Amino acid sequence: MTSLKDIFASFPEVKKILADCRDQKKVSVFGMQLFSRAMIAALAGEALVVCPDYFTASKFADQLSGIAVGVTLLKEREEVLLARGATSASARERFTALGDICTGKARVIVTTAQALMQIYPARAEFERHIMTVRTGDTPDPLKLGEELVKNGYRREDQLNDACRFARRGDILDVYPVNASCPYRIEFFGDEVEKITEIDPDTQLSVRQVQSVEIYPFTDVFGEAPDIVKIKSGICKNLDSDCRVRAEELADMVSRGEAGSGALLAYAQHDSLLGFCGDRVFIADECKRVYDSMEVYFTEHKQRFESLYAKGETLSDFFGQVLEPRAAAENIRAAVTFHSVTSSNRFFDPDELYVFRSMAAPRYVGNHDQLASDVENWRERGYETAICCGSAALKERVADLFAQHNVGWSDNYTAGVTVTAEKTGWGEIIHDLKLAVIGENDLVGKRNQPVRRRRRGSFIGEPKTGEYVVHDVHGIGVCEGVKKVDVGGAVRDYVVVGYAGGAKLYVPVESMDRLSRYVSGETPRLSKMGGAEFAKQKLKARESIKKLAFDLKELYAQRFKADAYRYSEDDSLLREFENTFEFTETEDQLKAEEECL
């Protein structure tokens, strides 16, 4: 059956651009909007799309996901100069994306200008450490555990988070970084007898599978570099206090305690272009991408100089961000998109293409105007596609066109096509005489929910002397807010005191990691580091599990009870919801789902 992608690919101008990509040419394209850009990326084969920032990259990936399979969004590393790892969720997304690239699941990679400039593990080494365990395999259980440790996984008595594993006799439980649930691998001798998905809360088996794929959760796999080499990167002109700080940092790196990203500076590594292999390079908003790269490198250099002079980073860390020219060298086939007339600083293009186009109008709450516009486009000889994204919305549009006597088909044979194909945002391309209306143009796109505050979270700053709970380190006491110079920028930190006089500095913008201690009794301060608090959380979690079993039985009884069943959600409800001008919280969205 003919699709919108087939129609778009049939235009001679589009064919030329795609032929240039196959011939390893570099082209600049002016005037195309998001719909056309995503279509080119989907049709170009394996591609790497670089956007100016994460927001733009997310929007591009969202548009692309409706028309292509194998779309992967790759985030940049959050920190490259200080010896600390990324947040767990961010690191999981990044390593999952790297694994998808190595295994061929990522057909189109969408990323940011910052990510393009960072260094990555050597692809061959990363790929070699992707593990696949199948039923009937005969791996040594002990060596399998050792390999998991080498791949960045932590052994625990019981799984409570991703990137962990637990071993009990002939059973190995593992929670892969790239999986949504843990897996239980059962051995009979040295043979894998059974593999099952398990519920992370109850630890009970859910369903049996034939294999499990486990991506690495580390950038490096060898031994830490020699301490002498690491210490050679310490600034020579430091006072005694700064030198002590720098030598402590060097010791952390040599022990492998500074995060795998810090070790990447001493290991064999690739640029992003090298890691992704031979793909069509696509720059969305060429000028903005290159401007972002130059700004990022300038900020990186200034911050490095400030931290290096205080012994808070090492000279080798500077090379974890490449200069813009170095990051973009060896580009072969390439397409750069331009909204404004500007020079191409990535390369001298072999071909130039200019299109007259505009973003599709918005018809939220004004569908009668859609019928009028479609008739106008038909009279002017335009091919019009209404991409509804669902059968319910397609039926509504069909009813609308019937009321206005607008003829249409669902197979691109009548000049006007109404289809359930998914296309987020549409476009009017005058040079191609093509009008595309996307689902978001018809019913709007819902705002992203704001992050939900936990019970007891602070609206303002905690008061001095007030007990607080950090999500990792546990119970401490607030000692006030202090201004600290970090990398040349003065920032406000909430100072939290812990047992033994230890202090934790929490940036005020990360205060959502703190919550108010709500129990009435005076608490005992936790030891900073998180081990003690983790045991307390595990004990509480086990208590909750016991309660969960009772609740499951209760809800099972309710499920069996007779009740009136309402019709499922439809596009009218979605349109009504999307007219709400404010951004809902997660709790509000949950209430809507449960009640509507």
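Values below: every heavy atom of this structure, side chains too, minus hydrogens, waters and symmetry copies. Note that the numbering runs from 1 along the sequence shown for the chain. Since we're looking at a predicted model, the values are computed, not measured.
- Here CG of N344 is found 12.5 Å from NZ of K287. Values are rounded to the nearest 0.5 Å.
- Among the candidates I437, T419, V418, the single residue satisfying the side chain to side chain contact (heavy atoms under 4.5 Å, CB included) test with V397 is V418.
- Residues V374 and F401 meet the side-chain proximity criterion, which asks for heavy atoms closer than 4.5 Å.
- Taking the six-membered ring wherever Trp is involved, the centroid distance between the rings of F281 and F346 falls below 6.0 Å.
- I195 places a side-chain heavy atom less than 4.5 Å from the side chain of T135.
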Hey, mind stepping through M39 and L4 against side-chain contact (heavy atoms from CB on, under 4.5 Å) and telling me if it holds? CA-CA 9 Å; M39 274 292 185; L4 180 57; 4.0 Å; yes
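- The local environment of CG in D399 is crowded, with over 12 non-hydrogen atoms from other residues, nucleotides or ligands closer than 6.0 Å.
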Please assess K5 against S3 for the test side-chain hydrogen bond (donor to acceptor under 3.5 Å, both in side chains), listing each intermediate value before the final yes or no. CA-CA 5 Å; K5 190 190 297 186; S3 68; over 6 Å; no
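- In this structure, Q268 places its CD atom where only 12 or fewer heavy-atom neighbours from other residues, nucleotides or ligands lie under 6.0 Å away.
- A distance-only check finds no donor-acceptor pair linking the side chain of R123 to the backbone of G274 [under 3.5 Å].
- A pairwise comparison of heavy atoms in S28 and H338 identifies OG-NE2, 3.5 Å as the closest pair.
- Between F60 and L73, every side-chain heavy-atom pair lies at or beyond the 4.5 Å cut-off.
- The shortest non-hydrogen separation linking G152 to T218 is N-CG2, 4.0 Å.
- Using a 4.5 Å heavy-atom cutoff, the side chains of K59 and W425 are in contact.
- E294 and R345 are joined by a salt bridge, as a carboxylate oxygen and a charged side-chain nitrogen come within less than 4.0 angstrom of each other.
- The aromatic rings of H300 and F318 sit parallel, their planes meeting at an angle under 30°, below the 60° perpendicular limit.
- Contact of the Y153 side chain with the V177 side chain is registered, since non-hydrogen atoms from C-beta on lie closer than 4.5 Å.
- Note on E78 versus R94: no salt bridge recorded, every NZ/NE/NH1/NH2 to OD/OE distance being 4.0 Å or above.
- The pair E79-R303 meets the salt-bridge criterion, since a charged nitrogen lies less than 4.0 angstrom from a carboxylate oxygen.
- Panel note: side chain T56, backbone C51; no donor-acceptor pair is recorded below 3.5 Å.
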Carefully, step by step, assess V206 and C181 under the rule side-chain contact (heavy atoms from CB on, under 4.5 Å). CA-CA 10 Å; V206 177; C181 66; over 6 Å; no
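- Residues L34 and E427 are not in side-chain contact: their nearest non-hydrogen atoms beyond the backbone lie 4.5 Å or more apart.
- The shortest side-chain heavy-atom distance between F355 and H430 does not fall under the 4.5 Å cut-off.
- Residues I109 and C276 come closest through the heavy atom pair CD1-SG, 3.6 Å.
- To the nearest 0.5 Å, atom NZ of residue K26 and atom CG of residue D348 are 9.5 Å apart.
- I130 is listed as a side-chain neighbour of E213, based on a closest heavy-atom distance under 4.5 Å.
- For the atom pair OG1 of T423 and CG of N440, the computed distance is 9.5 Å after rounding to the nearest 0.5 Å.
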Dump the intermediate steps for side-chain contact (heavy atoms from CB on, under 4.5 Å) on T103 and Y215, then the final yes or no. CA-CA 10 Å; T103 56; Y215 292 173; 3.2 Å; yes
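- Remark: side-chain polar atoms of R107 are paired, donor with acceptor, to backbone N or O of A42 under 3.5 angstrom.
- With hydrogens and angles ignored, the 3.5 Å screen pairs a side-chain donor or acceptor of S10 with a backbone N or O of I7.
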Run the side-chain hydrogen bond (donor to acceptor under 3.5 Å, both in side chains) check on S339 and E285 step by step: do they pass? CA-CA 6 Å; S339 290; E285 294 293 356; 2.4 Å; yes
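- R128 and E125 are joined by a salt bridge, as a carboxylate oxygen and a charged side-chain nitrogen come within less than 4.0 angstrom of each other.
- Taking every heavy atom of both residues into account, P200 and Y175 meet most closely at CB-CE1, 4.4 Å.
- The aromatic rings of F8 and F11 sit perpendicular, their planes meeting at an angle over 60°, well past the 30° parallel limit.
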Test N151 against F221 for side-chain contact (heavy atoms from CB on, under 4.5 Å), laying out the working first. CA-CA 7 Å; N151 282 6; F221 305 93; 3.8 Å; yes
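- At a cut-off of 3.5 Å, with distance as the only test, no side-chain donor of D431 or Y353 sits close to an acceptor on the other residue.
- Put simply, the residue from Q320, Q114, Q118 that forms a side-chain hydrogen bond (donor to acceptor under 3.5 Å, both in side chains) with R77 is Q320.
- Side-chain contact of D373 with Y363: a donor-acceptor pair under 3.5 Å is present, judged by distance alone.
- Using modelled atom types, one side-chain atom of H404 and one backbone atom of L400 make a donor-acceptor pair closer than 3.5 Å.
- In this structure, A122 and D270 approach most closely via the heavy-atom pair CA-OD2, 3.7 Å.
- For residues 378-388, the salt bridge (charged side-chain N to carboxylate O under 4.0 Å, His left out) pairs, not counting sequence neighbours, are E375-R378.
- In this structure, CD on E329 lies 10.5 Å from CZ on R325, to the nearest 0.5 angstrom.
- Considering all non-hydrogen atoms of both residues, A115 and L74 come closest at CB-O, 4.4 Å.
- Although no hydrogens or angles enter the test, the distance criterion places a donor-acceptor pair under 3.5 Å between the side chain of H367 and the main chain of L442.
- Using a cutoff of 4.0 Å between basic side-chain nitrogens and carboxylate oxygens, R288 and D53 are scored as salt-bridged.
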